[in-house]
Amino acid sequence: MATDYDAPRKTDDDLNEDSIEELKSRRVDKTSSSVDVDETEQAEGFELPGADLSGEELSVRVLPKQADEFTCGRCFLVHHRSQLAKESNGMMICTECAA
């Protein structure tokens, strides 16, 4: 008689232990013992060292779109005209989105 050496081998104890009902009861026990944790509450208590930026102010000058710039119709970023790849149906597409 031929023997399949690749087949998993189980002892008699393993065969008796792995019944469907027993596996289902284990799964139910695991899910019932889980604790609900509020993620926002947990995140509020977590603080990175040196990450207190409450006293910082941003001083960035925002410029309006210039005459030689366009807004990409796919990524909605403002690019220089040199990055214009194509224009289709009145939408200008940048080289990154066209690739």
Side-chain angles (χ1 to χ4, degrees):
M1 178 176 190
T3 304
D4 185 9
Y5 292 105
D6 293 329
R9 298 184 182 111
K10 290 189 174 187
T11 63
D12 292 334
D13 294 336
D14 293 339
L15 293 173
N16 293 336
E17 187 177 310
D18 292 339
S19 68
I20 298 291
E21 291 79 20
E22 188 173 333
L23 293 174
K24 285 181 182 178
S25 68
R26 285 186 200 166
R27 183 173 38 163
V28 171
D29 291 343
K30 286 182 182 178
T31 57
S32 65
S33 65
S34 65
V35 177
D36 292 334
V37 177
D38 188 13
E39 294 175 3
T40 55
E41 184 178 312
Q42 187 178 17
E44 287 174 359
F46 185 72
E47 186 175 327
L48 294 173
D52 183 22
L53 300 175
S54 59
E56 296 293 322
E57 289 186 24
L58 295 177
S59 58
V60 177
R61 200 172 101 214
V62 179
L63 298 174
K65 184 171 69 171
Q66 303 297 309
D68 61 345
E69 296 175 333
F70 72 98
T71 303
C72 177
R74 289 190 184 159
C75 65
F76 304 106
L77 295 175
V78 177
H79 296 282
H80 189 264
R81 289 268 181 203
S82 64
Q83 294 180 339
L84 179 63
K86 64 181 178 179
E87 185 174 348
S88 62
N89 297 334
M91 284 194 337
M92 297 180 182
I93 308 297
C94 69
T95 54
E96 291 180 15
C97 291

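Quick caveat: nothing in here was measured; it's all calculated off a predicted structure.
- In terms of heavy atoms, Cys72 sits closest to Cys94 at SG-N, 3.5 Å.
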* To do: Show your reasoning for whether side chain to side chain contact (heavy atoms under 4.5 Å, CB included) applies to Leu58 and Glu56.
  => CA-CA 7 Å; Leu58 295 177; Glu56 296 293 322; over 6 Å; no
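- Residue pairs satisfying the side-chain hydrogen bond (donor to acceptor under 3.5 Å, both in side chains) criterion with at least one member in residues 78-99, sequence neighbours excluded, are listed as follows: Asp68-His80, His79-Gln83, His80-Ser82.
- For Phe76, the side-chain contact (heavy atoms from CB on, under 4.5 Å) criterion is met by no residue, not counting sequence neighbours.
- Between the Gln66 side chain and the Pro64 main chain, a donor and an acceptor come within less than 3.5 Å of each other.
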